[in-house]
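Worksheet: the structure to be examined is printed underneath.
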Protein chains: 2
Amino acid sequence: MPNIDEIAKICKVSKTTVSRVLNNHPYVSEEKRKKILDVIKELDYSPNSLARHLRTNKTRTIAISIPSIDHPFFSQLTKGISNQAFDQGYKVLIYQTFYKKEIELETINLLKNKEIDGVILCSLENEWSTLEPYLAYGPILLCNEYHESAPIPIICYDEFKATYIAVKHLIQRGHTNIGFCFDTFYSQAQAERMKGFSLALKEENLLVHTEWIFDRAFDIKDGFNIFKKLDGMAEKPTAIFTGSDQVAAGIIKEAISRNYHVPKDLAVIGFDNQLICQVTTPTITSIGIPIFELGRKSVQKILENIQHDENIEREVIQLPFELIIREST
Amino acid sequence: MPNIDEIAKICKVSKTTVSRVLNNHPYVSEEKRKKILDVIKELDYSPNSLARHLRTNKTRTIAISIPSIDHPFFSQLTKGISNQAFDQGYKVLIYQTFYKKEIELETINLLKNKEIDGVILCSLENEWSTLEPYLAYGPILLCNEYHESAPIPIICYDEFKATYIAVKHLIQRGHTNIGFCFDTFYSQAQAERMKGFSLALKEENLLVHTEWIFDRAFDIKDGFNIFKKLDGMAEKPTAIFTGSDQVAAGIIKEAISRNYHVPKDLAVIGFDNQLICQVTTPTITSIGIPIFELGRKSVQKILENIQHDENIEREVIQLPFELIIREST
DNA sequence: GTGAAAGCGCTAACAC
DNA sequence: GTGTTAGCGCTTTCAC
């Protein structure tokens, strides 16, 4: 692979001039520009990005951290992010935390050693106070998560209200014994959901039964297990907020095979409005989230910051959601 | 952010010594090593990766190209790849081609401008002859695709045989009118499937009905549409090989709602054995593929090559698959 | 319009 | 065991 010196030598110009052509700077005579372009093509020369990045102190790369890519929600979010980044000429490094603090730290540390220009956190494993010092090294953005005080852009939707509305819907259907699933304790977004759930019940003077609350509810298999636990209880809920279409699908399938009628014996509401809602029997009532938009908006925001070198500031952008009623409630 | 010179200055040593400590080289006195480590910690110093990469001509980064991340197969494959890479201290850049040649080229071009140490192609959009020249710049590996002559490692499974067995299974169930779905014309892996399908039919003196062959079959919605087309035909197949669990789920759901009995009126076989096979009614017969393993093995292979700087050579590694019979056939 | 020279931050050959 | 020096390949200031 030739380098810029070689091109310069062959063209009998300085490497400055070659660099000017490479970067579309003005003030290069048409003649030389043409010659240089020709030689570049002939030698199949491509500038070394590493050297450029070192020199300019920019990498045109961002990193994202997600719990795990093989979850429909996060794979769609990643699609949105990756798409938008690509369109803007940015590369995306993907980090799966599997809910581990250290991997999140490793991701954010890329800022410090200059491997990326910014990072989008799609979940939050560490205390914000642990992460905040890294702001000195580059922009951090929260997507699909929430923190009440972090001085950074937060692209999310109102998890509190979405859950509130979902649970109200169950109550309107006549249910008073309602269960609740979530994934981890540490997420503030999940805490918001819990608040929405509690308020909806409280307003109707209904009680939160702690034994009907299930954590680590993530995929279809978790749905199977949750139903089994449920079915073994003396007193059972007649409706359940699952927080996930996959969990809903698992619960429904298991319920149906044990001859439950859904929604009569057990009403189930999903979350995210994935396509899977449309192929189960019965189909799944869910909350529709603009997932791609969440991703796109996040990239847009962080690139504004990177490109204009603005100070990152707190800004909470909530995207709309909607209740989509199907057969499972 | 301090740099290596600053650390050296404070410690009253040369930057070589600091570099030695940074890279765990021997021959540094315990005393100096300790001092240097202390100062590094105190100043919260982190070496600039870009400079290191430029100097060493290695990035510890690989890129993968996939058609689209929001497809369960590819998100699981990405998980396997990303996991293994992370464990080995490598970063992963993700490129979605959306079946476009140019994006695949852009991915592979990262080799040329030194941004990555190797690339794993999980689909193939360009002619191999277009891609082959890039081998001069670094290792390329094919995962989940096939090419009959490319001189590179190919990590795959026997798509021909898997399809053959799936179709034979349908025939054993008494079907003689069998449809076929696939995603794109250009994939050799898909061509292998078509061969397996054809052979299975041919061996039983059955005909391939071209009107029962559907391309662009990728997700649940495609399944809906394929069923609608099918249902509108004068002569209909009684069984269909879908090549995808999502497509199978879509076809089944649509069939059920039009009062078809699955598998009596229409038998449906999926592919990949995703969890979705277990939540539809009826559940979906499928071909199980070791997806994570496919990803892990690919990374293992390409890192062997990167780290030992071996010549890349043709090697076809086929992983096992299995037929998993459920209710839809 | 163009080029010389400095330098981004690091590693590694070599000398001592 | 340690330091000096060169240089990875580029961009950018400054002078002409």
Side-chain angles (χ1 to χ4, degrees), chain A residues 1-37 39-40 43-61 109-117 137-138 309, chain B residues 1-37 39-40 43-61 109-117 137-138 309:
Chain A
M1 193 72 198
N3 62 19
I4 197 172
D5 280 310
E6 193 167 336
I7 304 293
K9 214 163 139 192
I10 295 176
C11 296
K12 295 191 174 60
V13 297
S14 73
K15 54 182 182 174
T16 309
T17 305
V18 178
S19 176
R20 287 203 179 95
V21 171
L22 249 26
N23 294 287
N24 289 314
H25 284 185
Y27 308 126
V28 178
S29 72
E30 235 0 272
E31 183 195 6
K32 293 200 172 159
R33 164 165 270 124
K34 198 149 223 161
K35 171 75 176 165
I36 290 169
L37 253 16
V39 172
I40 284 175
L43 293 199
D44 199 25
Y45 164 74
S46 190
N48 181 316
S49 298
L50 259 25
R52 287 183 136 171
H53 294 163
L54 174 62
R55 187 56 232 241
T56 57
N57 205 18
K58 291 257 173 266
T59 62
R60 296 191 82 82
T61 305
N109 195 58
L110 295 168
L111 280 177
K112 195 167 157 189
N113 55 32
K114 302 283 189 184
E115 300 205 58
I116 56 173
D117 296 341
Y137 308 117
D309 217 14
Chain B
M1 192 71 197
N3 63 17
I4 197 171
D5 279 311
E6 193 168 335
I7 304 293
K9 215 163 138 193
I10 295 176
C11 297
K12 295 190 174 60
V13 297
S14 74
K15 55 182 183 175
T16 307
T17 305
V18 179
S19 176
R20 287 201 180 98
V21 171
L22 249 25
N23 294 287
N24 288 314
H25 285 185
Y27 308 127
V28 178
S29 72
E30 236 359 271
E31 183 195 5
K32 293 200 172 160
R33 163 166 271 123
K34 200 149 223 160
K35 170 76 177 163
I36 290 168
L37 252 17
V39 172
I40 283 176
L43 293 199
D44 199 27
Y45 164 75
S46 189
N48 181 316
S49 298
L50 259 24
R52 285 181 137 173
H53 295 162
L54 174 62
R55 186 57 233 241
T56 57
N57 204 19
K58 291 257 174 266
T59 61
R60 295 190 82 82
T61 305
N109 195 58
L110 295 168
L111 281 176
K112 196 167 158 188
N113 55 31
K114 302 283 189 184
E115 300 205 58
I116 55 173
D117 296 342
Y137 308 116
D309 217 14

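Remember, it's a predicted structure, so these values are computed and weren't measured experimentally. All chains are named by letter (A, B, ...) in the order of the sequence lines, taking the proteins before the strands, and each is independently numbered beginning at 1.
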Sequence-aligned protein contact record of nucleotides 8-13 of chain D, with B where the base is within under 4.0 Å of a protein heavy atom and S where only the sugar-phosphate is: BBBBBB

Atom [atom1] of [X] and atom [atom2] of [N]: how far apart are they, to the nearest Å?
X: A:E115; N: C:dG9; atom1: CD; atom2: P; answer: 15 Å
X: B:I36; N: C:dC10; atom1: CD1; atom2: P; answer: 13 Å
X: B:K12; N: D:dG3; atom1: NZ; atom2: P; answer: 12 Å
X: B:I7; N: C:dC10; atom1: CD1; atom2: C1'; answer: 13 Å
X: A:H53; N: C:dG9; atom1: NE2; atom2: P; answer: 16 Å
X: B:N57; N: C:dT11; atom1: CG; atom2: C1'; answer: 12 Å
X: B:K34; N: D:dG1; atom1: NZ; atom2: C1'; answer: 18 Å
X: B:E30; N: D:dT2; atom1: CD; atom2: P; answer: 10 Å

Axis bend over the full length of the helix from C:dG1-D:dC16 to C:dC16-D:dG1, computed from five pairs that close each end, to 10 degrees: 40°

Applying side-chain contact (heavy atoms from CB on, under 4.5 Å), can you list everything that pairs with [X], at least two apart in sequence or on another chain?
X: B:T61; result: A:L93, B:T59, B:K91, B:L93, B:I116
X: A:I4; result: A:K15, A:V18, A:S19, A:L22, A:Y45
X: B:T17; result: B:V13, B:S14, B:R20, B:V28, B:I36
X: B:N57; result: B:K114

A:T16: partners by side chain to side chain donor-acceptor pair (under 3.5 Å), with sequence neighbours left out: none

Donor-acceptor contact below 3.5 Å, side chain B:D5 vs main chain B:A8: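 Side chain of B:D5 to backbone of B:A8: no pair is present.
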
Salt bridge (Lys or Arg N to Asp or Glu O under 4.0 Å): pairs with one or both residues in residues 44-61 of chain B, sequence neighbours excluded: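 Qualifying pairs: A:K112-B:D44.
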
Side-chain N,O (A:T17) to OP1/OP2 (C:dT2) below 4.0 Å: no

Exercise: identify the closest heavy-atom pair between B:I40 and B:I7: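 Smallest interatomic distance, heavy atoms only, reads CG1-CG2, 4.0 Å.
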
Closest non-hydrogen atom pair between A:M1 and A:S46, with its separation: CE-N, 2.9 Å

